[in-house]
Peer 1: 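Dumping the structure here so I can ask a few things about it.
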Amino acid sequence: MNNDFQPFEAPFFAPQLILNDVLAGMEFYKAAFGAIELRRWSNPDGSVHVAEMAIGRAMFHLHEEMPGSGESSPATLKGTTFLMGLFVDDPASVMKQAVAAGAQEAKAVQDYDYGYRQGTVIDPGGHHWLIQKKL
């Protein structure tokens with residue numbers, strides 16, 4: 001765990017991603033994006049119920065899917081309604097790192113006329129990540 005993390009001043013967004021296997025998600029985000037674990041809450045069986053993580057100064061949460069809560073993982077939905085945007089210095093290298101960690105490339109990195117370099121990966125939990133940089 002990392003107690004040195006200092007997020008932006010309030011208010012700020014802290015998305016929560018719903019997963020079937022939070023521990024596997026934690027390991028993926030560490031390998032793919034250099035995320036750090038801030039805190040975790042475990043179940044009696046040793047699986048992880050909730051994790052608090054950060055990429056740089058951007059905090060996010062992982063939560064295990066809870067049947068009946070109305071909050072489902074992309075694997076359960078067989079799709080997603082959410083696209084996580086991650087701004088980085090070098091989208092191509094981060095995309096390559098994410099794919100090496102187990103993500104699937106959905107759209108290759110390219111420059112767009114609206115002033116962004118972007119590419120999309122789908123993480124092993126089914127969440128879509130728009131890896132981008134403003135040109």
Side-chain angles (χ1 to χ4, degrees):
M1 289 191 286
N2 186 321
N3 294 325
D4 297 330
F5 175 77
Q6 295 296 318
F8 293 109
E9 296 294 319
F12 65 93
F13 285 101
Q16 180 168 288
L17 304 178
I18 307 300
L19 297 166
N20 290 329
D21 185 341
V22 173
L23 186 57
M26 292 169 70
E27 295 307 313
F28 170 78
Y29 298 125
K30 288 175 186 178
F33 305 127
I36 58 170
E37 176 183 341
L38 302 174
R39 298 190 294 168
R40 75 167 74 181
W41 292 264
S42 297
N43 295 311
D45 67 1
S47 63
V48 179
H49 178 65
V50 175
E52 188 172 81
M53 301 191 77
I55 301 170
R57 291 179 59 187
M59 184 171 69
F60 64 107
H61 294 93
L62 307 177
H63 198 291
E64 73 179 331
E65 185 175 73
M66 303 289 294
S69 71
E71 299 169 354
S72 300
S73 72
T76 297
L77 292 174
K78 297 184 181 19
T80 187
T81 62
F82 178 75
L83 177 68
M84 177 76 85
L86 179 62
F87 282 85
V88 297
D89 289 331
D90 184 356
S93 70
V94 172
M95 289 271 295
K96 185 177 180 180
Q97 182 175 320
V99 169
Q104 174 189 355
E105 183 178 296
K107 289 184 185 175
V109 173
Q110 60 182 318
D111 293 348
Y112 290 92
D113 59 1
Y114 48 82
Y116 286 85
R117 176 172 293 133
Q118 298 173 316
T120 306
V121 294
I122 302 171
D123 72 31
H127 294 282
H128 293 222
W129 290 74
L130 180 64
I131 312 302
Q132 58 193 330
K133 173 183 182 173
K134 188 170 184 178
L135 297 172

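None of the values given here were measured: they were computed from a predicted structure.
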Peer 1: Do M26 and L86 sit in one hydrophobic cluster, given that two such residues count as connected whenever their side-chain heavy atoms are within less than 4.5 Å of each other, even indirectly?
Peer 2: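 Yes, one cluster joins them.
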Peer 1: Just verifying a value: how many Å separate R117 CZ and D90 CG, rounded to the nearest 0.5 Å?
Peer 2: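 Rounded to the nearest 0.5 Å, the CZ-CG separation comes to 8.0 Å.
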Peer 1: To the nearest 0.5 Å, what is the distance between OG on S73 and CG on D21?
Peer 2: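 CG of D21 is found 10.5 Å from OG of S73.
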Peer 1: Please determine whether residues F28 and F82 belong to a single hydrophobic cluster, defined as Ile, Leu, Val, Met, Phe, Trp and Tyr linked transitively by side-chain heavy-atom distances below 4.5 Å.
Peer 2: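 Yes.
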Peer 1: Under the side chain to side chain donor-acceptor pair (under 3.5 Å) rule, collect the residues that match up with Q97, sequence neighbours excluded.
Peer 2: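 Residues passing side chain to side chain donor-acceptor pair (under 3.5 Å) with Q97: none at all.
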Peer 1: Could you state the interatomic distance from NE2 (H128) to OG1 (T81), rounded to the nearest 0.5 Å?
Peer 2: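 If we round to the nearest 0.5 Å, H128:NE2 and T81:OG1 are 10.0 Å apart.
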Peer 1: Hey, what do you get for CG (N43) to CG (L23), rounding to the nearest 0.5 Å?
Peer 2: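 Answer for the CG-CG pair, N43 versus L23, is 11.0 Å.
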Peer 1: Report yes if some heavy atom in the side chain of L83 is under 4.5 Å from a heavy atom in the side chain of T120; otherwise report no.
Peer 2: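 SC-SC contact between L83 and T120 confirmed.
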Peer 1: Applying the side chain to side chain contact (heavy atoms under 4.5 Å, CB included) criterion to H63, which one of M66, H61, E65 satisfies it?
Peer 2: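 One option only clears the test, and that one is M66.
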Peer 1: Is Y29 close to H127 at the side-chain level, that is, under 4.5 Å between some pair of heavy atoms?
Peer 2: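 H127 reaches Y29 side chain to side chain.
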Peer 1: Show the nearest heavy-atom pair for residues K133 and P91, with the distance to one decimal.
Peer 2: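 The answer is CB-CG, 3.6 Å.
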Peer 1: Taking all non-hydrogen atoms of both residues into account, name the closest pair between T80 and G126 and its distance.
Peer 2: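 Scanning both residues, the minimum pair turns out to be CB-O, 4.2 Å.
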Peer 1: Answer with yes or no whether the hydrophobic clustering places V88 together with F60; edges join I, L, V, M, F, W, Y residues whose side-chain heavy atoms lie under 4.5 Å apart.
Peer 2: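 Yes; F60 is reachable from V88 via cluster members.
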Peer 1: Please name the pair of heavy atoms, one in G102 and one in P124, separated by the smallest distance, quoted to 0.1 Å.
Peer 2: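 Taking G102 first and P124 second, the nearest heavy atoms are O-CG, 3.7 Å.
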Peer 1: For the residue pair V22 and H49, establish whether any side-chain heavy-atom pair is separated by less than 4.5 Å.
Peer 2: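 SC-SC contact between V22 and H49 ruled out.
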Peer 1: Are Q118 and K107 side-chain neighbours, meaning at least one heavy-atom pair lies under 4.5 Å?
Peer 2: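 A side-chain contact under 4.5 Å is absent here.
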Peer 1: Membership question, hydrophobic clusters at under 4.5 Å side-chain separation (ILVMFWY): are V94 and V99 in the same one?
Peer 2: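 Same cluster.
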Peer 1: For F13, give me all partners under ring-ring contact (aromatic ring centres under 6.0 Å, His included), at least two apart in sequence or on another chain.
Peer 2: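 For F13 there are no ring-ring contact (aromatic ring centres under 6.0 Å, His included) partners, ignoring immediate neighbours.
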Peer 1: Flag the pair I18 / Q16 as yes when at least one side-chain heavy-atom distance between them is below 4.5 Å, and no otherwise.
Peer 2: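 Touching, per the 4.5 Å side-chain cut-off.
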Peer 1: Around K96, counting heavy atoms of other residues, nucleotides and ligands shown, do more than 12 lie under 6.0 Å from its NZ?
Peer 2: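 Open.
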Peer 1: Tell me the closest heavy-atom pair linking G25 and L62, and the distance in Å.
Peer 2: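 In this case the closest contact between G25 and L62 is C-CD1, 4.1 Å.
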Peer 1: Is L19 linked to V50 within one hydrophobic cluster, defined over Ile, Leu, Val, Met, Phe, Trp and Tyr using a side-chain heavy-atom separation of less than 4.5 Å?
Peer 2: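 Per the 4.5 Å side-chain linkage, L19 and V50 are not co-clustered.
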Peer 1: State the CD-CD distance between E52 and E37, to the nearest 0.5 angstrom.
Peer 2: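 E52 CD to E37 CD: 10.0 Å, rounded to 0.5 Å.
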Peer 1: Please tell me if the side chains of V109 and I131 come closer than 4.5 Å, counting only heavy atoms from C-beta onward.
Peer 2: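 V109 does not reach I131 side chain to side chain.
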Peer 1: Compare all side-chain heavy atoms of D123 with those of M84 and state whether any distance is below 4.5 angstrom.
Peer 2: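 Sidechains of M84 and D123: no contact.
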